[in-house]
Amino acid sequence: MSHSSFETKVVHQKFDQKQVQNSKNTPIYQSTAFTFKDLDHLESYYEGGSPYLYSRERNPNTDELSQTIAQLEEAEAGVATSSGMSAILAGILAVASPGDHIVAADDVYGGTHKLLNSELKTFGIEVTMVPFADIDKVKNEIKSNTTLLYTESVSNPFLRVEDLGALVSLAKDNGLYTMVDNTFATPYLLQPFTKGIDLVVHSATKYIGGHSDVTSGVLVGGGELIQKATQKVVTLGANLSPFEAWLTQRGAKTLALRMKQQSHNAKELARALESNDHVHHVYYPEFVSERGNGAIVTIELSERVQVETFFKSLGWIKIAPTLAGVETTVSYPVRTSHRALSDQERENIGINDYVIRLSIGIEEASDIIEQFQAAISQSVN
Ligand SMILES: *Cc1c(COP(=O)(O)O)cnc(C)c1O
């Protein structure tokens, strides 16, 4: 049958996509669904013969990304999601049901804090938050309905490094699952799954994507748990779009190079700022891995520094309420991530008007150091 009318021709292209081969990069499968040549072919999907049916359920670009990160984390499987937040939710719902209880670190990312303390209640899941630096405090909160211990491998903004070994043994002794947000460390520095953590989650918006141009998330772990989490992602519609998956995958290719340079620069900067008289305290981990200690440096300026002037004196370094891009940026927890807290609540966790979080980029270390030193000296009273 020939397509004679314009109206029919315009939607039935002659182009046979199967003739396009050997593409160096994975094409973007910007398609909501996949077609079938006959009913036997359709039936083969349900028998496991053909992997793709509907993109909310599965798409080659999201598969490529989740498999890449699972491989980097040395985990069995993974699922890509619309954001770090939805990856966290999917992971939690894979191991916790109404009536269950979670013990979580009290210094988790602000969005996670909100998810755990407000949204999970509507799912009938109860959460207790404690400082994970003291493993006995974690142990004391475990109840008969506790199913999960939740924390971050490197915390924000003070970069506390979690003792994953201690956490895994506590969980094993009590028959609990463990879930770790590995966003700050990335699999370049730490692979929590290899240490026995059940679920590892990433805001791929940060270092995995790396270029501040895509919001996405990835959850990795054992095959069975990831299958459960994937069901949640599919049903909640928390799937990642093909283009966003493709962008994240493209960014991930340079993860090792970026983390290597950014960790090196951060270490050099932390060292330089430690000997600056107008920096009261430098928070930078002593040891995350043999590969480096990460690319975030948090500083507390001395009270002689005019903070408003400091932010105006940063030259090419921009203020941005995020982290992990290739450019060095700064963020101000008092006015962004911890804005909703009272002065007293902020004081309790050590955040005051002089605390600034620096996300170090891939520039030359000496340029970064020079710019921060100049900004500090220009803003001293
Ligand atoms: C940004 C971030 C998240 C949330 O990720 P989104 O991609 O913004 O949803 C979760 N955890 C950590 C540690 C983060 O930095």
Side-chain angles (χ1 to χ4, degrees), residues 62 65-66 69 73 78-93 102 104-120 129 132 150-162 164 179-190 192 197 199-220 229 232-233 236-241 244-245 247-249 251-252 255 259 262 266 283 285 288 294-298 320-325 329-333 336-339 349 351 357-360:
T62 55
L65 175 63
S66 59
I69 306 307
E73 288 279 6
V79 59
T81 65
S82 58
S83 66
M85 291 312 302
S86 54
I88 294 169
L89 178 61
I92 288 174
L93 295 181
I102 296 171
D106 66 351
D107 54 358
V108 292
Y109 173 76
T112 308
H113 206 285
K114 230 183 260 176
L115 173 71
L116 294 173
N117 286 303
S118 55
E119 297 305 326
L120 281 189
M129 299 190 103
F132 269 39
Y150 184 95
T151 190
E152 295 174 359
S153 50
V154 178
S155 77
N156 173 33
F158 295 118
L159 312 166
R160 185 179 62 82
V161 182
E162 194 65 78
L164 298 179
M179 180 165 167
V180 164
D181 183 330
N182 199 32
T183 299
F184 275 37
T186 83
Y188 178 74
L189 298 179
L190 283 180
I197 296 293
L199 288 167
V200 180
V201 68
H202 283 279
S203 167
T205 311
K206 313 292 169 46
Y207 290 106
I208 289 175
H211 295 75
S212 317
D213 55 7
V214 58
T215 298
S216 56
V218 181
L219 177 77
V220 304
K232 305 293 177 187
V233 171
L236 294 170
N239 55 294
L240 184 62
S241 79
E244 312 285 270
L247 267 181
T248 309
Q249 173 71 31
L255 177 64
M259 281 309 283
Q262 288 171 269
Y283 297 89
V288 175
I296 304 294
V297 179
T298 297
T322 186
L323 61 121
T329 56
V330 296
S331 84
Y332 194 35
T336 56
S337 52
H338 296 73
R339 195 184 178 102
I349 50 175
I351 290 172
R357 191 187 68 198
L358 321 176
S359 170
I360 308 309

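Start at 1 and go down the list; that is how both ligands and their atoms are numbered.
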* How would you list, by chain and number, every residue that makes a side chain to side chain donor-acceptor pair (under 3.5 Å) with Gln249, sequence neighbours excluded? -> Thr68
Tabulating one pair per line, provide the atom names and distances (0.1 Å) for every N/O atom of ligand 1 that is less than 3.5 Å from a protein N/O atom.
residue	atom	partner	partner atom	Å
ligand 1	5 (O)	Ser203	OG	2.9
ligand 1	7 (O)	Gly84	N	2.9
ligand 1	7 (O)	Ser203	OG	2.8
ligand 1	7 (O)	Thr205	OG1	2.6
ligand 1	9 (O)	Gly84	N	3.0
ligand 1	9 (O)	Met85	N	2.9
ligand 1	11 (N)	Asp181	OD2	2.6
ligand 1	15 (O)	Lys206	NZ	2.7

* **Distance in Å, Leu120 CG paired with Leu93 CG, rounded so as to fall on 0.5 Å steps** => 7.0 Å
* **Partner residues of His113 under the side chain to side chain donor-acceptor pair (under 3.5 Å) criterion, sequence neighbours left out** => Asn117
* Asked: Just by distance, with hydrogens left out, do Ser331 and Thr336 show a side-chain donor and acceptor under 3.5 Å apart?
  -> no
* Asked: Taking the side chain as C-beta and beyond, is there a heavy-atom pair between Lys206 and Ser359 under 4.5 Å?
  -> no
* Go through the structure and list residues passing side chain to side chain donor-acceptor pair (under 3.5 Å) with Asp106, not counting sequence neighbours. => none
